[in-house]
Amino acid sequence: MDKGNATTGFILLGLFDHTRAHLFLFVLVLTVAFNSVVGNALLLLLIHQDRRLHTPMYFLLSQLSLMDMMLVSTIVPQMAAGYLTGKNSISAAGCGFQIFFFLTLGGGECFLLAAMSYDRYVAVCHPLRYPVLISWQLCLRLTLGSWLLGAADGAMQAAATMSFQFCSRHEIDHFFCEAPVLLHLACGNTSAFEFVMYICCVLMLLIPFSLILASYGLILTAVLRMRSTEARKKTFATCCSHLTVVGLFYGAAAFSYMRPASARSANHDKVVSAFYTIVTPMLNPLIYSLRNSEVKGSLRKCLARCSALRSKDTLVGLDLAGATKEKGIQ
């Protein structure tokens, strides 16, 4: 390897080439990213505007939407600007901040999903004690803890990764700065840090995932004991939506971070990273809205209100036009 030098920046090789097929895929990815931001923003708006959704469960869901919006905004603008302008360079500071925000949001989402599973466990298994066990104070602590744990992991890995000396070839075969990919450019021995990073990722994934499995195991037992068919269906609908999100997120993250280095492939890493940084954030609001009657009811109410306001504005405009016409005749 070449001798390490002071790192001023990196070149991101990107996700696409400048061919017709890749141009179509680029437009498709931008469409998915736009729908992800709009869908999560709409879900945030509905939860904020509808008082019926001012509950701990929907507050945690709003934080999930916020994390997904920020995750897409951290990755896609840099990728799109590089593809359209041909300037794929990113500064060392920008690369470090991208690693930090990516890991903060990804790690925070791991713990947030575990908090959401605990919320569902209490709601199903201990409904009468729900206001006591899931107080707003506990909800805020769980949310803050998710953000702080994610930020701690992001700060540690970003600082450690950017502390290495990198070789003269600063080309990253990826569409954003990701710590495991960046370590391949380091000149020194990174095996110790890679092992620590692997253990951190395993713990960040397995501990919350174990809590989620335990919560839903108890929920499934409680649901099977329910006598009311309607209550059973409603509970299954809510829990299945959460489990779908968990499966998509943890499956992609585990495939990306828990594989040995010998089994890694640049193209596979790009596809999987695109899935859980762009596609999964778009699916989350769709899954929760399509399988949740309260969210669908709030959306219908919002659309009806917007339609009524538009009709009112149209009538006011017609009245003003009529009044102006009569005044002109006089």
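Source: prediction; values computed, not measured. Residues: numbered from 1 along the sequence shown.
Evaluated for a side chain to side chain contact (heavy atoms under 4.5 Å, CB included) with Phe175, the options Leu12, Thr277, Val29 yield exactly one hit, Thr277.
In this structure, CG in Leu71 is found 10.5 Å from OG1 in Thr104, a value given to the nearest 0.5 Å. The CD atom of Gln137 sits 8.0 Å away from atom CG of Leu140, with the distance rounded to the nearest 0.5 Å. Ile99 CD1 to Leu182 CG: the interatomic distance, rounded to the nearest 0.5 Å, is 5.0 Å. Within the model, atoms CG of Leu45 and CG of Asp50 stand 10.5 Å from one another, a figure rounded to the nearest 0.5 Å. Here CZ of Phe249 is found 8.5 Å from CG of Asp68. Values are rounded to the nearest 0.5 Å. If you take SG on Cys177 and CD on Gln78, they are separated by 7.5 Å, rounding to the nearest 0.5 Å.
Residues Val246 and Phe209 have side chains in contact (heavy-atom distance under 4.5 Å, counting atoms from C-beta outward). You'll find the side chain of Asn284 stays beyond 4.5 Å of the side chain of Met67, heavy atoms only. Residues Met69 and Pro285 are not in side-chain contact: their nearest non-hydrogen atoms beyond the backbone lie 4.5 Å or more apart. No side-chain heavy atom of Phe176 sits under 4.5 Å from any side-chain heavy atom of Val76. Side-chain contact between Arg120 and Ser215: absent, with no pair of heavy atoms (C-beta onward) separated by less than 4.5 Å.
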query = Between Leu15 and His22, does a side chain to side chain contact (heavy atoms under 4.5 Å, CB included) hold up when you go through it step by step?
reply = CA-CA 9 Å; Leu15 187 61; His22 279 213; over 6 Å; no
query = side chain to side chain contact (heavy atoms under 4.5 Å, CB included) between Thr161 and Leu183: does it pass, once the steps are laid out?
reply = CA-CA 7 Å; Thr161 301; Leu183 288 177; 4.2 Å; yes
task = May I have the step-by-step check of side chain to side chain contact (heavy atoms under 4.5 Å, CB included) for Tyr118 and Leu211, ending in yes or no?
result = CA-CA 8 Å; Tyr118 175 69; Leu211 293 173; over 6 Å; no
query = For Thr190 and Glu194, what are the C-alpha separation, side-chain angles and deciding distance, and is it a side-chain hydrogen bond (donor to acceptor under 3.5 Å, both in side chains)?
reply = CA-CA 6 Å; Thr190 62; Glu194 287 186 51; 2.6 Å; yes
message = Test side chain to side chain contact (heavy atoms under 4.5 Å, CB included) on Gln63 and Ser146; report intermediate values, then the result.
response = CA-CA 10 Å; Gln63 294 301 300; Ser146 298; over 6 Å; no
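Checking side-chain atoms of Tyr250 against main-chain N and O of Cys110 turns up a donor-acceptor pair under 3.5 Å. One N or O on the side chain of Ser163 and one on the backbone of Ala160 form a donor-acceptor pair closer than 3.5 Å. The backbone N or O of Pro281 sits nowhere less than 3.5 Å from a side-chain atom of Tyr276 that would complete a donor-acceptor pair. Panel note: side chain Asn189, backbone Ser191; a donor-acceptor pair is recorded below 3.5 Å. Formation of a donor-acceptor pair under 3.5 Å by the His54 side chain with backbone atoms of His48 is found in this model. Thr74 contributes no side-chain N or O that, together with a main-chain N or O of Gln98, makes up a donor-acceptor pair within less than 3.5 Å. Looking at Lys270, its side chain does come within 3.5 Å of a backbone N or O of Gly14 through a donor-acceptor pair.
Nearest approach of Ile219 to Ser117, heavy atoms of both residues: CD1-O, 4.3 Å. The heavy-atom pair separating Ser36 from Val72 by the smallest distance is OG-CG2, 3.5 Å. Leu53 approaches Tyr58 most closely through the heavy-atom pair O-CB, 3.0 Å. The two residues Cys139 and Phe59 make their nearest non-hydrogen contact at SG-CD2, 3.5 Å. Nearest approach of Ala92 to Met162, heavy atoms of both residues: O-CE, 3.4 Å. In this structure, Leu203 and Pro208 approach most closely via the heavy-atom pair O-CD, 3.6 Å.
Both Leu60 and Leu243 are members of a single hydrophobic cluster when ILVMFWY side chains are connected at heavy-atom separations under 4.5 Å. Note on Phe195: it clusters hydrophobically with Val202, by side-chain heavy-atom contacts below 4.5 Å among ILVMFWY residues. In the hydrophobic cluster analysis, where Ile, Leu, Val, Met, Phe, Trp and Tyr join through side-chain heavy atoms closer than 4.5 angstrom, Leu185 is grouped together with Phe102. Both Trp147 and Leu64 sit in one connected hydrophobic cluster of ILVMFWY residues. Membership requires side-chain heavy atoms under 4.5 Å apart, directly or through other members. By the rule that hydrophobic residues join a cluster once side-chain heavy atoms approach within less than 4.5 Å of another member, Leu61 and Leu138 end up as members of one cluster.
The aromatic rings of His170 and Phe10 sit tilted, their planes meeting at an angle between 30° and 60°. Taking the six-membered ring where tryptophan is involved, the planes of Phe164 and Phe193 are tilted, since the angle between them lies from 30° to 60°.
Checked against a 6.0 Å centroid threshold, the rings of Tyr121 and His126 count as neighbours.
Summarising the local packing, CZ of Arg52 is surrounded by more than 12 heavy atoms from other residues, nucleotides or ligands at distances under 6.0 Å.
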